Participant: 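The structure is given below, and queries will be raised subsequently.
Since the model is a prediction, treat every value here as computed from it, not as a measurement.
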Amino acid sequence: MASLSSASVSLVRTPTHLPCFRSNHGKVQSLNRYSKTKTTHLSINSSLRMCSIAASDSPLSTSMYELSSKKVWIWTENSQVMTAAVERGWDTFIFSSQNQGLANEWSKIALIDPLFIKEGEIFDNAGERVATIFQVSTPSELKKLHPEAHHVGNVVIDLLDWQVIPAENIVAEFQGSKTTVFAVSKSPAEAQLFLEALEHGLGGVVLKVEDFKAVLDLKEYFNRRNEVHNRLSLTKATITQVHAVGMGDRVCVDLCSLMGPGEGLLVGSFARGLFLVHSECLESSYIASRPFRVNAGPVHAYVATPGGKTSYLSELKAGKEVMVVDQTGKMRTAIVGRVKIETRPLILVEAKIDANDQTVYSILLQTAETVALVCPHEGNRTQKTVIPVTSLKAGDEVLLRLQGGARHTGIEIKEFIVEN
């Protein structure tokens, strides 16, 4: 799915508790009764134990990844949706006031936080108001939303037929306020728009769906955003040989994001070891800086993608996501904007972890001064960031990402494999 991001971050911290299901598993029938309400009353006076996805600090400049929390409430009458949500740590559910019986049944199956809609307000099980729903269908209704008019608390916005511009206006209006603004989302794609509006995004979403796959897709998005908060372990490898091999079809990957010194893509001839290939962000006397580009290698090579997966460089196309990694192992996702495949002279680079290692790691790269590998980061200082492949020689040290070599459709699997 396209980036729901922007994304690097641990944007998401996966909940530390596991969903607690009750022992008396009864079969819950799906119901189709919603209470439709509309209100312009925004007074809020309560707090609620919510299932939230918290963000941790991010080294990136992208504002989305500096958010302290993102919250997800589920609005459904489908038991499969409920089960999928609870299993993934989202346990706050919205019911119409007529669905008290459904809420009671689900509470016998799992530990959930039921909320109830009544006359445009949202109440908890004890009858305390926790939020107000505000439907927006015109610009004049949108103008009524401003934090000075409300108490601290939660506002749930249903934007009805329009999404992006109103969401951006709401983000701008409520920035810095203590009000948490949710948007009703009828799909993971809509949720992405709300969570990323003006980079900051709204404080949360109410996922209103009857298909459990929507929950899986939204959680997968959060997991990918969470992945970038982790720091990859990169290993120092020593170059053993470098030599020209002839012509081949190499791939330039142009991203929709800018890269800085030390950043690039993880690429390799074998999935067992991916080299950190530097972007063309550095100034050169040969060609203008292109901080969005990585001259990544030939079409057969693997490149790291979100979720611990790999793709062949030949498979990349506009809209796909890749992992951008820096010299210290910090990760973020980036969207591919364009891929250029051209025939160019190639150089074979081989490396080992140590002299006694029998495993050889290799990559082929275009023979060009602007193509470079990233050097190891030594503590808080480094002698150099990159080595151009035209200057690379045996004995030089570069960064390598070690991982399982066996892959099936880009997913690491456990099986016997020999590759040379």
Participant: Which of these, L207, N78, T83, sits in a side-chain contact (heavy atoms from CB on, under 4.5 Å) with V215?
Facilitator: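 The passing option is L207.
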Participant: Take W75 and F182 through the test ring-ring contact (aromatic ring centres under 6.0 Å, His included) and record every step on the way to the result.
Facilitator: CA-CA 12 Å; W75 188 352; F182 293 74; over 10 Å; no
Participant: Of T92, N125, I94, L102, which is the lone residue that meets side-chain contact (heavy atoms from CB on, under 4.5 Å) with P114?
Facilitator: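 Per the side-chain contact (heavy atoms from CB on, under 4.5 Å) rule, the option paired with P114 is N125, out of T92, N125, I94, L102.
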Participant: Could you check whether any side-chain heavy atom of S311 comes within less than 4.5 Å of a side-chain heavy atom of K320, counting everything from C-beta outward?
Facilitator: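 Heavy-atom side-chain distance check passes, below 4.5 Å.
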Participant: Measure the spacing between OG of S269 and OH of Y361 and express it to the nearest 0.5 Å.
Facilitator: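 That separation rounds to 13.5 Å.
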Participant: Donor-acceptor pair, K70 side chain versus L202 backbone, under 3.5 Å?
Facilitator: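 Flag set: sc K70 to bb L202 pair under 3.5 Å.
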Participant: Determine, stepwise, if the pair V205 / L195 fulfils side-chain contact (heavy atoms from CB on, under 4.5 Å).
Facilitator: CA-CA 8 Å; V205 292; L195 293 171; 4.0 Å; yes
Participant: Check whether any side-chain N or O of Q366 sits under 3.5 Å from a backbone N or O of V371 as a donor-acceptor pair, and report yes or no.
Facilitator: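 A pair under 3.5 Å: no.
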Participant: Does any part of the side chain of I157, heavy atoms only, come nearer than 4.5 Å to the side chain of V181, both counted from C-beta?
Facilitator: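 Yes - at least one pair of side-chain heavy atoms lies under 4.5 Å apart.
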Participant: Evaluate the side-chain proximity of V374 to V325: yes if any heavy-atom separation is below 4.5 Å, no if none is.
Facilitator: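 No, every pair of side-chain atoms sits at 4.5 Å or beyond.
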Participant: Is it true that K330 and E263 have a side-chain N and a carboxylate O under 4.0 angstrom from each other?
Facilitator: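 Judged by the 4.0 Å cut-off on N to carboxylate O distance, K330 and E263 do not form a salt bridge.
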Participant: Just so I know, are the side chains of V253 and L313 near enough to count as touching, which here means a heavy-atom distance under 4.5 Å?
Facilitator: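 Side chain of V253 against side chain of L313, heavy atoms only: contact under 4.5 Å found.
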Participant: Side-chain contact test, heavy atoms from C-beta onward, threshold under 4.5 Å: evaluate it for M82 versus E77 and give yes or no.
Facilitator: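 No, too far: nothing below the 4.5 Å cut-off.
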Participant: Is the ring pair Y302/Y312 parallel, tilted or perpendicular, if the boundaries are 30 and 60 degrees?
Facilitator: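 Y302 vs Y312 ring planes: parallel.
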Participant: Looking at D211 and A214, would you say the former's side chain and the latter's main chain have a donor-acceptor pair under 3.5 Å?
Facilitator: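 Not confirmed, D211 side chain does not pair with A214 backbone.
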Participant: What I'd like to find out is whether the side chain of T333 reaches to under 4.5 Å of the side chain of V324, using heavy atoms alone.
Facilitator: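 Counting from C-beta outward, T333 and V324 never come under 4.5 Å.
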Participant: Does S279 reach the main-chain N or O of P291 with its side chain, forming a donor-acceptor pair under 3.5 Å?
Facilitator: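 No, S279 side chain to P291 backbone: no donor-acceptor pair under 3.5 Å.
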Participant: Do L232 and R401 make a side-chain contact, defined as non-hydrogen atoms from C-beta onward lying under 4.5 Å apart?
Facilitator: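 In contact.
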Participant: Can you find a heavy atom in the side chain of L276 that is under 4.5 Å from one in the side chain of V398?
Facilitator: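 L276 does not reach V398 side chain to side chain.
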Participant: Is a side-chain N or O of Q403 found less than 3.5 angstrom from the main chain of A271, in a donor-acceptor match?
Facilitator: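 A pair under 3.5 Å: yes.
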Participant: With L400 as reference, evaluate T238, I353, L266, L234 under the side-chain contact (heavy atoms from CB on, under 4.5 Å) test and give the passing residue.
Facilitator: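 By the side-chain contact (heavy atoms from CB on, under 4.5 Å) criterion, L400 pairs with just one of T238, I353, L266, L234: I353.
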